[in-house]
Visitor: 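Here it is: the structure, laid out below.
All chains are named by letter (A, B, ...) in the order of the sequence lines, taking the proteins before the strands, and each is independently numbered beginning at 1.
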Amino acid sequence: MIEPERIQPLNDRTRTARVRYVLYWMQQSQREAHNPALEFAVAEANRRGQPLLVVFVLMDRYPEANERHFAFMLQGLEEVAASLGKRGIPFVARRGEPAEVVLELSGSASVLVCDRGYLRHQREWRETLAREAPCAVVQIEGDVVVPVAAVSTRAEFAARTIRPKVLAIRDDFLRVPRRQRLECPATELDVASDFDPLEPATTLAALDIDRSVRQVSRFRGGTSEARKLLRQFSNRELVGYSEDRNDPADPRCSSLSPYLHFGQISPVEVALKVARTENCALADREAFLEQLVVRRELSINFVTHVPRYDRFSAVPDWARRTLREHRGDERPVQYTRPKLEAAETHDPYWNAAMKEMVKTGYMHNYMRMYWGKKIIEWSASPERAYRTILGLNNKYFIDGRDPNSYTSVAWLFGLHDRPWTERAIFGKVRYMNAAGLERKFDIDRYVRWVEGLES
DNA sequence: ATCGGCTCGCGCAA
DNA sequence: TGCGCGAAGCCGAT
């Protein structure tokens, strides 16, 4: 059963011409398991007595993508291809401009099913297809617990304004989409692939992509790896999560953000697993769901309703005003982007965070805040800092280029936050300093851990 | 260790 | 129109 709020027709076209298949363009939801768009497409194919074709389009020039991101994604796609194969669902792997390739394939489709993505380029591809495809286009919103429009129809001001709206309906959307057998055999389809998803290393080597950031050993892409991490997290780190989640020296994170970013695991599946973990206090489970559901919904609300979500202008008026008033403040410590990227500052905690980011494609969440706040302090202007932070975020993090990325960067500049005591450079925007790390955590232990990481 | 103030604006009560 | 209150923090007073 797919909740009706997840089902969104993007045009009102119907097709009577001779067609060959139902087409599912997999883009955001890169998984076979717990994928409502896929199950909707299977049901459509069965209802119409047609075969189903699933297509994925690999784009060498995907915005801000480099080898690190492609390697992780291709590992996940290998598992998608294998899982679809077991269900007898044909999977076509193409290279090119997604909207162009899908438009061409939609020429023989009765209906085009797509999943939902919230970033500008993802929306534009779907708008193009809705306008130009000769068939019905239906979007299925499967990478969020509560569909965005069911929560709110405007940009929310803070967590406290969106929280009651999310919590009021959250549990209505914690359901597993039923897997159905595909009834119509697909032996006749004969649509060629451009690459073999079962050979990710070969594909990666052949791509014409930015190779300046190499793949990492810390994370391996794919649904089964995500599920392994989820099991470990719910068995171990979840107990005590509400109190201790912020300690970088003793991390209690699920580490699922890379997998959620690429749609390799469903947030509904994660939420259900945590909600049903019995041997753990309700407060711990709810603290995790606050991050996974409330904070994530807030991020998606932000990129959905703020058109220029990737610019300094996206932060609220009070924050822009106060930062502007402190534009002329003296900045005694300043670093250029190359100095930052080389982790060559006077601050050992910051350098450790930067090294974790470069070496492993990840950073502890608390350190992400400290890391960003310091770049604001060390940059010539807030606008410059904004570009530096977002650029480094999207370059090195496997979970970069996500709604969470744009929202957490804007948070550093006051978004979804409140004003604090006025001070130099930051004005009334929240400030963080090393004394806080030292007071609260065994931060030297974090530094030693990073130093021990293999590059 | 713990607590209140900081500062602004949303959201609800009136 | 008024006012309570936030909540991924800092800082200084107790």
Visitor: I need the CG-P distance between A:Asn301 and B:dC10, as an integer number of Å.
Guide: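 Answer to the nearest Å: 14 Å.
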
Visitor: Between residues 377-388 of chain A and DNA chain B, which residues have a heavy-atom gap below 4.0 Å?
Guide: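 Heavy-atom cutoff 4.0 Å gives no residues at all.
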
Visitor: Mind calculating the distance between NZ (A:Lys373) and P (C:dA8) to the nearest angstrom?
Guide: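 So the NZ-P distance, A:Lys373 to C:dA8, works out to 13 Å.
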
Visitor: Among B:dT7, B:dG9, C:dC10, which nucleotide sits nearest the side chain of A:Arg439?
Guide: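 Between B:dT7, B:dG9, C:dC10, the one nearest the side chain of A:Arg439 would be C:dC10.
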
Visitor: Measure the distance from OH on A:Tyr431 to C1' on C:dA8 and round it to the nearest whole Å.
Guide: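 Value for this atom pair: 17 Å.
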
Visitor: Are any of A:Arg321's side-chain N or O atoms less than 4.0 Å away from OP1 or OP2 of B:dT7?
Guide: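 So the side-chain polar atoms of A:Arg321 never come under 4.0 Å of the phosphate oxygens OP1 or OP2 of B:dT7.
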
Visitor: Please verify the inter-ring angle class for A:Tyr362 with A:Phe219; under 30° counts as parallel, over 60° as perpendicular, anything in between as tilted.
Guide: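 The rings of A:Tyr362 and A:Phe219 sit tilted, inter-plane angle from 30° to 60°.
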
Visitor: As a check on the pairing definition, encode DNA chain B in dot-bracket form, counting Watson-Crick and G-U wobble pairs whose two distances are under 3.5 Å, and using | for partners outside this strand.
Guide: ||||||.||||||.

Visitor: Taking all heavy atoms of A:Ser152 and all of A:His305, pick out the closest pair and write down the distance.
Guide: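 Heavy atoms of A:Ser152 and A:His305 come nearest at O-NE2, 3.9 Å.
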
Visitor: Give a yes/no on whether any side-chain N or O of A:Lys440 is located under 4.0 angstrom from OP1 or OP2 of C:dC10.
Guide: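 Answer yes for this pair, as a side-chain N or O of A:Lys440 is under 4.0 Å from OP1 or OP2.
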
Visitor: Which residue is it: A:Tyr366, A:Tyr349, A:Trp449, A:Tyr446? I am looking for the one with a ring pair (Phe, Tyr, Trp, His ring centres under 6.0 Å) to A:Phe441.
Guide: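 The option that passes is A:Tyr366.
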
Visitor: Does A:Glu225 come within less than 4.0 Å of A:Lys228, counting only side-chain N to carboxylate O?
Guide: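 Looking at A:Lys228 together with A:Glu225, the answer is yes, because their closest N to O distance falls below 4.0 Å.
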
Visitor: Let's go through A:Glu79 and A:Thr223 carefully: what are the C-alpha distance in whole Å and the side-chain angles of both, what is the deciding distance for side chain to side chain donor-acceptor pair (under 3.5 Å) to 0.1 Å, and is it a yes or a no?
Guide: CA-CA 7 Å; A:Glu79 194 173 342; A:Thr223 300; 4.6 Å; no

Visitor: Determine the Euclidean distance between corresponding P atoms of C:dA8 and B:dA1; express it in Å to zero decimal places.
Guide: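 The answer is 23 Å between these two P atoms.
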
Visitor: Can you check the A:Glu422 CD to C:dC10 P distance for me, whole Å?
Guide: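 Computing the A:Glu422:CD to C:dC10:P distance gives 18 Å.
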
Visitor: Please state whether the phosphate of B:dT7, meaning OP1 or OP2, lies under 4.0 angstrom from any side-chain nitrogen or oxygen of A:Arg423.
Guide: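 Answer no for this pair, as no side-chain N or O of A:Arg423 is under 4.0 Å from OP1 or OP2.
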
Visitor: Using the ring of each side chain (for Trp, its six-membered ring), is A:Phe288 parallel, tilted or perpendicular to A:Phe233, with breaks at 30° and 60°?
Guide: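 Tilted, since the angle between the ring planes falls between 30° and 60°.
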
Visitor: How would you label the contact of A:Arg252 with the nucleic acid (heavy atoms, under 4.0 Å): base, sugar-phosphate, or nothing?
Guide: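 A:Arg252: no heavy atom of the nucleic acid under 4.0 Å.
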
Visitor: Could you give the CZ-to-P distance, from A:Arg430 to B:dG5, as a whole number of Å?
Guide: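 These atoms are roughly 18 Å apart.
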
Visitor: In this structure, how many angstroms lie between the C1' atom of C:dA8 and the CG atom of A:Asp247, rounded?
Guide: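 Taking CG of A:Asp247 and C1' of C:dA8, I get 14 Å after rounding.
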
Visitor: Does A:Arg163 CZ have over 12 foreign heavy atoms under 6.0 Å away?
Guide: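 Counting neighbours around CZ of A:Arg163, more than 12 heavy atoms of other residues, nucleotides or ligands fall under 6.0 Å, so yes.
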
Visitor: May I have the distance from A:Asn433 (atom CG) to C:dG12 (atom P), rounded to whole angstrom?
Guide: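 So the two atoms are 10 Å apart, to the nearest Å.
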
Visitor: Please report the distance separating the P of C:dG12 from the corresponding atom of B:dT7, rounded so that it comes out in whole Å.
Guide: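 After rounding to an integer number of Å, I get 15 Å for this pair.
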
Visitor: Given C:dC10, C:dA8, B:dC6, identify the nucleotide with an atom nearest to the side chain of A:Thr421.
Guide: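 So the nucleotide nearest the side chain must be B:dC6.
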
Visitor: Exactly one of A:Gln30, A:Arg6, A:Gln122, A:Arg126 should register a side chain to side chain donor-acceptor pair (under 3.5 Å) with A:Asp115. Which one does?
Guide: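 Only one of A:Gln30, A:Arg6, A:Gln122, A:Arg126 forms a side chain to side chain donor-acceptor pair (under 3.5 Å) with A:Asp115, namely A:Arg126.
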
Visitor: Does A:His364 reach the main-chain N or O of A:Arg252 with its side chain, forming a donor-acceptor pair under 3.5 Å?
Guide: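 Side chain of A:His364 to backbone of A:Arg252: no pair is present.
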
Visitor: For A:Arg120, look at atom CZ and say whether over 12 heavy atoms of other residues, nucleotides or ligands are found less than 6.0 Å away.
Guide: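 Atom CZ in A:Arg120 is packed in, count exceeds 12.
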
Visitor: What is the distance, rounded to the nearest whole Å, between atom CG of A:Asn246 and atom P of C:dA8?
Guide: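 Result: 9 Å.
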
Visitor: Would you say the ring centroid of A:Trp318 lies under 6.0 angstrom from that of A:Phe157?
Guide: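 No, too far apart.
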
Visitor: Reckon A:Asp417 touches a base, only the sugar-phosphate, or nothing at all at heavy-atom distances under 4.0 Å?
Guide: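 The residue A:Asp417 makes no contact with any strand.
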
Visitor: Can you pull out the residues from residues 155-163 of chain A that lie within a 4.0 Å heavy-atom distance of DNA chain C?
Guide: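 Contacting residues: A:Arg160, A:Arg163.
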
Visitor: Among A:Met363, A:Glu356, A:Met357, find the residue that satisfies the side-chain contact (heavy atoms from CB on, under 4.5 Å) test when tested with A:Thr360.
Guide: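 Looking at A:Met363, A:Glu356, A:Met357, the match for A:Thr360 under the side-chain contact (heavy atoms from CB on, under 4.5 Å) is A:Glu356.
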
